[in-house]
Number of protein chains: 2
Amino acid sequence: MADSDTQPSVDKPNRVRTITDLAKIAGVSPGTVSRALSGNSLVNTKTREKIEAIAREHGFRPNQMASKLRRQKTGVIGVAIPLGHDVRQQISDTFFMTLLGHLADELTERGFDIMLRRVIPAQDEDWLDRFIGSGMIDGVIVVGQSDQFDRIEDVADGYLPMVVWGNHQEGQRHCVVGTNNRLGGKLAAEKLIAAGARRLAFLGDTQPIEFAARFAGAKEVAEKMGVSIRALPTHLSRDQTSEEIAEHLSNIEGEIDGIFAATDTIAVTCLKELRDRNINVPAQLKIVGFDDLPISSQTVPPLTTVRQDIAAGAKGLADLLLRRLAGEDTESLVLPPHLIVRDSA
Amino acid sequence: MADSDTQPSVDKPNRVRTITDLAKIAGVSPGTVSRALSGNSLVNTKTREKIEAIAREHGFRPNQMASKLRRQKTGVIGVAIPLGHDVRQQISDTFFMTLLGHLADELTERGFDIMLRRVIPAQDEDWLDRFIGSGMIDGVIVVGQSDQFDRIEDVADGYLPMVVWGNHQEGQRHCVVGTNNRLGGKLAAEKLIAAGARRLAFLGDTQPIEFAARFAGAKEVAEKMGVSIRALPTHLSRDQTSEEIAEHLSNIEGEIDGIFAATDTIAVTCLKELRDRNINVPAQLKIVGFDDLPISSQTVPPLTTVRQDIAAGAKGLADLLLRRLAGEDTESLVLPPHLIVRDSA
DNA sequence: CGCACGATTGCAATCGTTTGCAATTTCGCT
DNA sequence: AGCGAAATTGCAAACGATTGCAATCGTGCG
């Protein structure tokens, strides 16, 4: 493809694009320019200043690709978001997006760039190997295990600089940061029961490992307390959710007096549906959510929920990854959930 | 730094890391391997299959850095989020995050990767040049003009593959995608007035260009209709917002009967504060928001708001950028806002 | 005045892949 | 069997920055 005039190389006759061009102008060798610009090695102060001046004047920036190729490191952290269970749970999902935001803040502060990759495992068998092996990133953060637990485990042995957001399981090999979901589930169930509920339901998909753990925790408490609990499966994408929840609510009308929602997003939708049906929360039905999203304090009634500390999670992910980048084999980090009592239970 | 044993090169004695290694095994030249793997050029089918087999067997992936360096294109789109007016408006802001999510979906679908960069212009004069000149990205999408309108304009002339999310101004040179904020402001004011409000207030920061346009639109309508309107400045970060809004509400108690919030996020917080004060919406005070975030339909009362079509915006950004990448000098895209009438006005 | 040593700088190989051009092989056809 | 065109493959020069090693410059000191 002849792209001779695609680039705006016309404005300045012979623009300084390479370190060699600059060297020619400065009357030194490329090596010296490289040293002067990278700052760390020994260059005569006068020479350095001259080179820096010329660089500034011509708006020169060393080509990162070449630099990275030569130095075999990129300064880029890959962030992969696998969309396993529910492809329609786009990455626009509130929780993930918030986590990503904090992650961006943390990593940027430490001088790393972020390469974002949304991946659909069903369509791309070895997404993780591909990402890692691409040579474009120094390390990878996987946000959410989705249904890819095994694949992640496979990779973990041979590749140190990887940290995963998700659930921790006894004896797993990959380094994970996440909330103690099981404990969170317990807190939720205990609260519902303490508030007087006796016939519980878990509202949400029980397939994803995190949600399964939440359900398991709740179930354990319920059984110990002699209270019934059942799962009402739901998808995550917004449009379906509403209808599914509506249907569930019709089915369980009067049979259930306490709902543990897998997610605040689900809980909020549920709250809305209940209001439409004139079911009073918490008098007739108690609800506890999970996440403590910003919305959750603004609902009517304000949502009682199990808080995940997203900021701390992001910080943990970044910290651990950086230590692994330095060669350390770190332990997983399991964060404690906190029950935030508001008015819905 | 001697990192001889940092890498796990021990597991497989002599791993296939380069195309040359693979070529040696296959008994062909590196060039042939490159052609076979890239798929597009002419290679004997049998040779290709053999090479592919060996590649698969050894889990070989061509080094992207080298490839990108040689081909002078990266397959990466930079997404910059300038945090100008309010550094504490972290990129975890709901609207931007949602836009980013859709953007990720769009670009990924078209085979591009995303390099995310959060940037604080106040701390980094030439963030945009640096990003563009880094050689790491083929094009850039700037999410939000913030207070960087001029800098963006400066760059626009010399650099084609850039598209910006934001407000469109008569005669500007950079390609922008965004909602017609002024029109949106008009719709909001018209609705408030139609609902019976006569003393309006605009709740939000009027500095950012998008918000200024919204306010201007509302003001135009208000003045034409002989209705008063005033601005109540607010910041964007959540913690401050609540208090600021509370203070404003105390000050204006009884003097205002219609609020146009710069953002749904602000509107939602405002709704909550009003509820705490037992001010009935919409009877005593009418509210219209802006954005139509997912939350907005779930509030009590559900929020009347001006909808921005985020998905369409993301698609527009991606489309235009790709056309610019191909050398076309595209026009800006201004999307129409839609008034979504619910119960708050 | 000559030598040695430290401070700078230049040289050239290297990172791993792509690709224009030329050489070689394969085939079809007469 | 022989010739030419078409199909494959090999060769080697890029892409642009980094860095170990060696060469050069300058200066202090005997």
Side-chain angles (χ1 to χ4, degrees), chain A residues 1-4 7 9 14-52 54-55 58 60-75 133-138, chain B residues 1-4 7 9 14-52 55 58-75 133-138:
Chain A
M1 224 155 287
D3 54 351
S4 42
Q7 293 303 322
S9 51
N14 30 15
R15 194 156 146 41
V16 180
R17 331 186 87 346
T18 79
I19 224 170
T20 312
D21 297 345
L22 181 43
K24 229 165 277 171
I25 298 180
V28 295
S29 79
T32 304
V33 174
S34 171
R35 282 185 266 255
L37 259 32
S38 70
N40 46 328
S41 22
L42 353 296
V43 175
N44 186 307
T45 312
K46 253 175 58 185
T47 319
R48 172 196 309 281
E49 278 165 4
K50 180 166 144 200
I51 291 175
E52 280 173 347
I54 299 180
H58 291 75
F60 170 77
R61 309 227 175 273
N63 180 304
Q64 298 289 12
M65 244 63 212
S67 169
K68 290 171 193 311
L69 171 60
R70 176 60 228 248
R71 310 172 55 176
Q72 299 289 78
K73 56 167 70 177
T74 67
S134 71
M136 296 182 66
I137 57 177
D138 290 342
Chain B
M1 224 155 289
D3 53 352
S4 43
Q7 293 304 323
S9 49
N14 31 15
R15 198 157 142 43
V16 179
R17 329 188 101 318
T18 79
I19 225 171
T20 312
D21 296 345
L22 181 42
K24 228 166 279 170
I25 297 180
V28 296
S29 79
T32 304
V33 173
S34 170
R35 281 184 269 254
L37 259 33
S38 71
N40 45 327
S41 23
L42 355 293
V43 174
N44 185 304
T45 312
K46 253 175 58 186
T47 319
R48 172 196 308 282
E49 279 165 2
K50 180 167 142 201
I51 292 175
E52 281 172 346
H58 291 76
F60 170 78
R61 309 225 175 272
N63 180 306
Q64 298 289 17
M65 246 62 214
S67 168
K68 290 169 192 314
L69 171 60
R70 174 61 227 245
R71 313 175 51 178
Q72 298 290 78
K73 55 167 74 178
T74 66
S134 71
M136 295 182 67
I137 56 177
D138 290 341

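In what follows, every heavy atom counts, from backbone to side chain, and hydrogens, waters and symmetry copies are set aside. Below, chains carry the letters A, B, ... as their sequence lines are ordered, and counting in each starts from 1.
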>> Reading DNA chain D from 5' to 3', where do the contacts with chain B start and stop? Cut-off is 4.0 Å to heavy atoms.
In response: dT8(D) to dG16(D)
> When rounded to the nearest 0.5 angstrom, what is the spacing between CD1 in Ile19(B) and NZ in Lys24(B)?
Replying inline: 13.0 Å
Could you check if a side-chain atom of [X] sits within less than 4.5 angstrom of a side-chain atom of [Y], using non-hydrogen atoms only?
X: Thr18(B); Y: Asn63(B); answer: no
X: Ile25(B); Y: His58(B); answer: yes
X: Leu37(B); Y: Phe60(B); answer: yes
X: Ile54(A); Y: Val16(A); answer: no

Between [atom2] of [N] and [atom1] of [X], the distance in whole Å:
X: Leu69(A); N: dT18(C); atom1: CG; atom2: C1'; result: 13 Å
X: Met65(A); N: dC15(C); atom1: CE; atom2: C1'; result: 13 Å
X: Gln64(A); N: dC15(C); atom1: CD; atom2: C1'; result: 15 Å
X: Leu37(B); N: dG16(C); atom1: CG; atom2: P; result: 16 Å

> Which residue, Gly31(A) or Ala66(A), contacts DNA chain D at a nucleotide closer to its 5' end, judged by nearest heavy atom?
Replying inline: Ala66(A)
> So, is Ser67(B) close to the dT17(C) phosphate, meaning a side-chain N or O under 4.0 Å from OP1 or OP2?
Replying inline: no
> Between Gln72(B) and dT18(C), is there a side-chain N or O to OP1/OP2 distance below 4.0 Å?
Replying inline: no
Which pairs would a plain distance check flag for residues 65-74 of chain B, meaning a side-chain donor or acceptor within less than 3.5 Å of a matching protein atom at least two apart in sequence or in another chain?
residue  : atom : partner   : partner atom : Å
Lys68(B) : NZ   : Thr74(B)  : O            : 2.4
Thr74(B) : OG1  : Val76(B)  : N            : 3.0
Thr74(B) : OG1  : Met136(B) : O            : 3.3
Thr74(B) : OG1  : Asp138(B) : N            : 3.3
Thr74(B) : OG1  : Asp138(B) : OD1          : 3.1

> So what does Val28(B) touch, heavy atoms closer than 4.0 Å: a base, only the sugar-phosphate, or nothing?
Replying inline: sugar-phosphate
